[in-house]
Amino acid sequence: MPLKIYNSLTRQKEKFIPINPPYVGMYVCGPTVSGESHLGHARPYITFDVVLRYLTYLGYKVRYVRNITDAGHFEEEGREAEDKISKKALLEKVEPMELVHKYTNLFHWAMKQFNTLDPNIEPTATGHIVEQINMIEKIIEAGFAYVVNGSVYFDVKKYAATHNYGELSGRVLDDLLETTRALEGQDEKRNKADFALWKSAPQQHIMRWKSPWGEGFPGWHIECSAMATKYLGARFDIHGGGMDLLFPHHESEIAQSFICNHVQPAKYWMHNNMITINGKKMGKSYNNVIKLTEMFSGIHPLLTQAFSPMTIRFFILQTHYRSTLDFSSEALVAAEKGLKRLWEGYENLKKIKEENFDLPDDNDLDKKINSLLDELDEFMNDDFNTAKVLANLFEIVPVINSIKDGIIEKNVLSSKTLHRMKDALTVYLENILGLQSLSQNNETFDGVMQLLVDIRKEAKSKKDFFTSDKIRNQLAELGIEMKDEKDGNISWNAV
RNA sequence: GGUCCUGUGGCCGAGUGGUUAGGCAGAGCUCUGCAAAAGCUUCCACAGCGGUUCGAAUCCGCUCGGGACCUCCA
């Protein structure tokens with residue numbers, strides 16, 4: 001079964017056929033670095049990280065572009081036009097660019113914690129003002145934008161007369177003309193549904209650039225169109241982002257690009273669903289965000305403990321990316337325990353020696369494992385169903401543990417299958433799902449622990465349980481778990 | 001108000017019309033110096049009502065509930 005991707009544009013799963021195989025261009029809307037990233041932001045970047053990893057696994061050469069929005073947007077309707085970033089900067093008494101730099105670094109740090117791969121290109125909005133202006137000029141020339149008082153607006157009604165405005169989001173223009181609420185500058189627009197391509201900057205506005213229409217700053221949606229076109233071409237393979245960007249952001253991107261490049265910019269539009277908290281979308285406007293730094297530290301009223309980045313990554317991958325995912329501390333605890341179990345199984349598997357080279361791989365156990373492994377690609381090919389992949393991996397864990405503990409005889413499983421199992425788990429857990437061990441150790445620490453293991457072994461062999469228990473109990477207080485294995489060895493892990 | 005999505009066991013969640021999803025939690029057993037872990041077994045389910053069908057969590061209708069977007073938003 002070939003890879004199928006749910007395309008938001010056609011509202012169905014479609015076979016993935018790149019425009020220029022083996023090359024794949026993927027654009028994902030990146031963060032606005034006017035504040036700290038929260039749990040909800042983690043989802044698209046982890047989701048599309050897995051998309052990137054899987055496409056790479058399939059042999060595609062992916063150019064992954066993810067922007068940094070460092071030029072402001074409007075903050076709230078009804079207020080004076082304010083650049084989000086310069087506004088916050090005033091409050092914090094720093095330069096806008098200082099703020100941008102700070103939150104960009106913080107974002108990069110968080111992405112590193114999540115073990116996401118870097119985009120090939122990470123363009124900034126402020127670094128592409130020229131491209132955005134050029135694009136706006138093209139739209140004006142084509143007659144689909146008009147200038148009013150130094151601002152430029154896209155003429156949605158005119159566009160809709162000859163193009164399908166709303167094809168992505170399912171909006172109907174007539175409805176939009178009625179329901180769009182009053183934004184600043186509304187009286188400048190010909191129609192309510194029109195959106196700004198360029199905004200004239202009020203005097204107090206710090207972030208401003210010269211343009212043919214006077215000093216100002218780029219509008220809501222033009223940056224993504226300009227940068228995607230520059231680095232991926234007029235038409236590229238995948239455009240991703242959160243579902244909340246579907247309208248008006250992505251719909252408007254399509255309109256802009258259509259006028260400039262005369263094609264639908266992306267072949268496949270992918271949208272991840274939201275993370276909810278008590279059933280409500282996590283977002284600034286709901287005042288219910290948990291920042292990533294708070295997740296990692298556990299310092300937040302809704303958190304019972306700290307959660308590692310890998311726990312969060314695993315938590316997100318346990319759900320299909322198009323479903324909402326409901327956050328709770330309890331669910332995170334469950335995810336943490338699950339990941340620990342899965343990873344220990346994986347570590348145990350690596351230690352099992354391949355011995356039965358002559359054994360055929362057609363007994364029941366071999367068949368069961370091979371079929372579980374066969375399904376992994378099928379699940380991923382079915383619109384990246386990581387939840388099912390994880391379920392299968394969990395089904396393999398008891399088999400691994402049983403072999404390790406001698407419950408399943410070692411001479412039952414063929415070397416061929418065992419080898420395949422090791423390869424597949426490494427590829428899937430590490431390369432595709434991008435998971436890592438919860439515990440991070442170093443050589444010195446490992447050496448010290450080995451010493452304690454040796455001392456405890458000696459004590460046990462002398463039936464000096466006082467000493468052996470002391471070692472185990474005191475380590476437990478430090479968060480290190482020591483376990484006696486069935487084969488007489490002692491294992492440990494630090495959480 | 002408009003458009004769309006959704007309702008699965010104590011919790012999180014996957015589900016292509018007929019088979020145990022999976023994880024966490026609970027119960028029992030085995031193993032064990034003790035413990036933990038592990039293994040085995042097990043309890044708990046498809047919002048409600050009706051329809052289609054030999055058969056529905058899965059399709060259709062209605063009712064009730066939840067959510068997203070329509071405004072910057074992952």
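Fair warning: this is a prediction, and the values are worked out from it, not measured in the lab. All chains are named by letter (A, B, ...) in the order of the sequence lines, taking the proteins before the strands, and each is independently numbered beginning at 1.
When distances are taken from the side chain of A/R43 to each of B/A14, B/C70, B/A74, the shortest belongs to B/A74. When the nucleotides B/A74, B/A36, B/A14 are ranked by their closest atom to the side chain of A/K483, B/A36 comes out on top. Residue A/A334 places its side chain closer to B/G23 than to any other of B/G23, B/C12, B/C70. Candidate nucleotides B/A74, B/C12, B/G39 were compared by shortest atom distance to the side chain of A/L245, and B/A74 ranks first. Minimum atom distance to the side chain of A/D326 is reached by B/C12, of the listed B/G33, B/A14, B/C12. Out of B/C69, B/G33, B/G22, the shortest distance to the side chain of A/D469 is found at B/G33. Considering only the side chain of A/P398, B/G39 comes nearest among B/G39, B/A74, B/A37. Nearest to the side-chain atoms of A/S285 among the listed nucleotides B/A21, B/C73, B/A36 stands B/C73.
An OP1 or OP2 oxygen of B/A68 is reached within less than 4.0 angstrom by no side-chain nitrogen or oxygen of A/T324. Here A/K337 does not reach the OP1 or OP2 of B/G23: none of its side-chain N or O atoms lies under 4.0 Å away. Contact between the side-chain N/O atoms of A/Y286 and the OP1/OP2 oxygens of B/A68 is found at a separation under 4.0 Å.
Separation of the C1' atoms belonging to B/U8 and B/U71 is 34 Å when rounded to the nearest angstrom. Separating the C1' atom of B/C54 from that of B/G39 is a span of 41 Å, rounded to the nearest Å. Of the C1' atoms belonging to B/U20 and B/G2, the separation is 44 Å, rounded to the nearest Å. With both ends at atom P, the span from B/C24 to B/A38 equals 8 Å, rounded to whole Å. The gap from the C1' atom of B/G10 to that of B/U19 amounts to 26 Å, rounded to the nearest Å. Straight-line distance between the C1' atoms of B/C12 and B/C69: roughly 25 Å, to the nearest whole Å. One C1' atom belongs to B/C46, the other to B/C29, and the distance between them is 30 Å to the nearest Å. A distance of about 15 Å separates the P atoms of B/A21 and B/A47, rounded to the whole Å.
Two residues, A/T319 and A/D244, neighbour RNA chain B, and the one matched to the more 5' nucleotide by heavy-atom proximity is A/T319. Across the interface with RNA chain B, nearest-nucleotide mapping of A/K281 and A/G338 shows A/G338 to be the residue nearer the 5′ end.
The pair A/R190-A/D194 fails the salt-bridge criterion, with no side-chain N (NZ, NE, NH1 or NH2) lying under 4.0 Å from an Asp/Glu carboxylate O. The pair A/R472-A/D469 meets the salt-bridge criterion, since a charged nitrogen lies less than 4.0 angstrom from a carboxylate oxygen.
Among the protein residues, A/L246 comes within range of no part of the nucleic acid, since none of its heavy atoms lies under 4.0 Å from any strand. Among the protein residues, A/Y45 comes within range of the sugar-phosphate backbone only, with heavy atoms under 4.0 Å from sugar or phosphate atoms but none that close to a base. Among the atoms of the strands shown, only primed sugar atoms or phosphate atoms (P, OP1, OP2) are found under 4.0 Å from some heavy atom of A/D405. Counting non-hydrogen atoms under 4.0 angstrom, A/H320 reaches the backbone sugars and phosphates but no base. Residue contacts for A/T47: at a heavy-atom cut-off of 4.0 Å it reaches no nucleic acid atom on any strand shown. Looking at heavy-atom distances under 4.0 Å, A/K280 makes contact with sugar-phosphate atoms alone, never a base. At a threshold of 4.0 angstrom between heavy atoms, the contacts of A/S37 with the nucleic acid are absent. Residue contacts for A/G283: at a heavy-atom cut-off of 4.0 Å it reaches no nucleic acid atom on any strand shown. Backbone-only contact: A/A331 has heavy atoms under 4.0 Å from sugar-phosphate atoms and none from a base. Counting any heavy atom pair closer than 4.0 Å across all strands shown, A/L393 reaches no nucleic acid atom.
Across all strands shown, B/A68 pairs with B/U3; the Watson-Crick or G-U wobble distances both stay below 3.5 Å. With a cut-off of 3.5 Å on both pairing distances, the Watson-Crick or G-U wobble partner of B/G39 is B/C29. Using N1 to N3 plus N6-O4 or O6-N4 for Watson-Crick, or N1-O2 and O6-N3 for G-U wobble, each under 3.5 Å, B/C34 pairs with nothing. Searching all strands for a Watson-Crick or G-U wobble partner of B/C59 with both distances below 3.5 Å returns B/G51. In this structure B/G10 sits in a base pair with B/C24, meeting the Watson-Crick or G-U test at under 3.5 Å.
Aromatic rings from A/F154 and A/Y159 are positioned such that their centres are separated by under 6.0 Å.
One can place CZ of A/F195 at 15 Å from P of B/C70, the figure rounded to the nearest angstrom. Residue A/N401 contributes atom CG, which lies 14 Å from atom C1' of B/A36 at whole-angstrom precision. For A/M274 and B/G66, the CE to C1' distance is 16 Å, given to the nearest whole Å. The CZ-C1' distance, from A/R341 to B/C12, rounds to 17 Å in whole Å. When rounded to the nearest whole Å, the span between CD of A/E485 and P of B/U32 equals 14 Å. Atom CG in A/N278 sits roughly 16 Å away from atom C1' in B/G65 (whole-Å rounding). To the nearest angstrom, P of B/A36 lies 12 Å from CG of A/D484. Atom pair A/N385:CG and B/G13:P shows a separation of 14 Å (rounding to whole Å applied).
Remark: A/R341 is not positioned above the aromatic ring of A/F394, lacking an NZ or CZ atom under 6.0 angstrom from the ring centre and at most 45 degrees off the axis. For the pair A/K350 and A/Y346, the distance from NZ or CZ to the six-membered ring centre is under 6.0 Å and the angle to the ring normal is within 45 degrees. For the pair A/R171 and A/Y165, the cation does not sit on the ring face, since its NZ or CZ is not both under 6.0 Å from the ring centre and inside 45° of the axis.
Partners of A/E251 by salt bridge (charged side-chain N to carboxylate O under 4.0 Å, His left out), not counting sequence neighbours: none found.
With A/Y321 as reference, A/D383 is the one residue of A/T47, A/N273, A/D383, A/N272 to meet the side-chain hydrogen bond (donor to acceptor under 3.5 Å, both in side chains) rule.
Interatomic distance, A/L332 CG to A/L303 CG, rounded to the nearest 0.5 Å: 7.5 Å.
In terms of heavy-atom proximity, A/S437 sits nearest to A/W343 at CB-NE1, 3.3 Å.
The base of B/G22 has none of its N or O atoms less than 3.5 Å from a complementary donor or acceptor on the side chain of A/N392. Below the 3.5 angstrom threshold, one finds a donor paired with an acceptor across the side chain of A/R472 and the base of B/C34.
Between the side-chain ring of A/F465 and the base of B/G33, a stacking contact exists by the 5.5 Å and 30° definition.
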